[in-house]
There are 2 protein chains.
Amino acid sequence: MSINMTDLREKFRERQYKLTPQRQTILQIFVDHPDKHLSAEDVYDILRQHASDIGLATVYRTLELLSDLDILQKMEFGDGCNRYELNQNNTLHHHHHLICIACGLVKEFEDDLLETLETVIARKSNFTITDHQVKFYGYCQECQKKREG
Amino acid sequence: MSINMTDLREKFRERQYKLTPQRQTILQIFVDHPDKHLSAEDVYDILRQHASDIGLATVYRTLELLSDLDILQKMEFGDGCNRYELNQNNTLHHHHHLICIACGLVKEFEDDLLETLETVIARKSNFTITDHQVKFYGYCQECQKKREG
DNA sequence: ATTCCTGCAAAACATTTGCAACTAC
DNA sequence: GTAGTTGCAAATGTTTTGCAGGAAT
């Protein structure tokens, strides 16, 4: 759960981006909050708690940039904002999200079954598929109990 | 590609909603535009073309309502707005979306392979899964050619 | 009648952008 | 030094909400 600084600097240099303290700080937040799906506002709140004076616009710009560099993965859970999480070890993520439609809980689920599906779909559809995103909606254990009771 | 009016009235009555002309008109737009993923603004534009004076707020409220009744399916393609399509015959949709990351094209893909995956995941995760949404990102045939050239 | 619905305008959010000052390289 | 970056404030775009008048059952 850490970031290789050499690779990081290389990635930035390739695209002529500067590795500023602000960008490092924001990236560090994702390292410090593994398995969270942080929105721009979430990141901004954490920054303020740490008495940082990084502006909200910079947060947005940085999230977009880190996403472009495949350092972060951008995702939406239907709550009206974009959320991000670390793209571990530069490998494409092999986890999906289970979203509780009652309480909004988001749970991770590891799975590789979709690799096969991706191949099948690529062949049938003439698309060159580079990534996929899967969301399952339903009721978490907790909310399921409440509904039965 | 049509709507069973008896079922529709029943669905509305169950929840004590009124089947107003505005709601019928908006629903008809989805019947008239199969396989489109319309946003609230799209629907509003179509209404204006038909010289309708239904307000934008009503469009938003109706889309939310039809979505709640499982008559429409709500989805996001990362373009900053919610999009909707008819939930055909009340059955859960068995099609996924292929999204071109170059030109934004959204293509439908029919598939039932995920049914199996849903069962596996439900068992392993203690979630009661009611629906799933799958998006594949990549390059469509057209954009792929441009990239190679 | 009563409850729900509509249109309008204003408000609320999330996100983007213009710009002058600043900083990593 | 220069190109890229930042913070601020203003602008944008989508969606929600308050409210008075209106319509469906």
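Chain identifiers are assigned alphabetically (A, B, ...) following the order of the sequence lines, protein sequences preceding nucleic acid strands; residue numbering begins at 1 within each chain.
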Contact interval (first through last nucleotide) of DNA chain D with protein chain B, 4.0 Å heavy-atom: D:dT14 to D:dA24
Could you check whether atom CD of B:Glu14 has more than 12 heavy atoms from other residues, nucleotides or ligands sitting under 6.0 Å from it? yes
Are any of B:Thr58's side-chain N or O atoms less than 4.0 Å away from OP1 or OP2 of C:dC5? no
A:Gln28 side chain to A:Asp32 side chain, donor-acceptor N/O pair below 3.5 angstrom: yes
By nearest nucleotide on DNA chain D, pick out whichever of B:Lys74 and B:Lys18 is the more 5' one. B:Lys74
Which residue lies toward the 5' end of DNA chain D, B:Glu41 or B:Tyr17, if each is placed at its nearest nucleotide? B:Glu41
Within the 3.5 Å criterion, strictly below it, is a donor on A:His96 or B:His132 matched to an acceptor on the partner's side chain? no
Of all the nucleotides listed (C:dC25, C:dT15, C:dC8), which has the minimum atom distance to the side chain of B:Ala57? C:dC8
So does A:Tyr60 get a side-chain nitrogen or oxygen closer than 4.0 Å to the phosphate oxygens (OP1/OP2) of C:dT16? no
Answer with base, sugar-phosphate or nothing: what part of the nucleic acid does A:Arg13 contact at a heavy-atom distance below 4.0 Å? nothing
For atom NZ of A:Lys36, decide whether the heavy atoms of other residues, nucleotides or ligands shown that lie under 6.0 angstrom number more than 12. no
What I want to check is whether the side chains of A:Thr58 and A:Gln22 have a donor and an acceptor closer together than 3.5 Å. no
In whole angstrom, give the distance that lies between atom CZ of A:Arg83 and atom C1' of C:dC13. 14 Å
Regarding the side chain of B:Arg61, the nearest nucleotide among C:dC25, C:dT15, C:dT6 is C:dT6
Would you indicate what A:Gln16 reaches in the nucleic acid, counting non-hydrogen atoms under 4.0 angstrom: base, sugar-phosphate, or nothing? sugar-phosphate
Respond yes when some side-chain nitrogen or oxygen of B:Gln22 is under 4.0 Å from OP1 or OP2 of C:dG7, and no when none is. yes
Using a 6.0 Å cut-off, check whether atom CD of A:Glu10 has over 12 heavy atoms from anything other than its own residue. yes
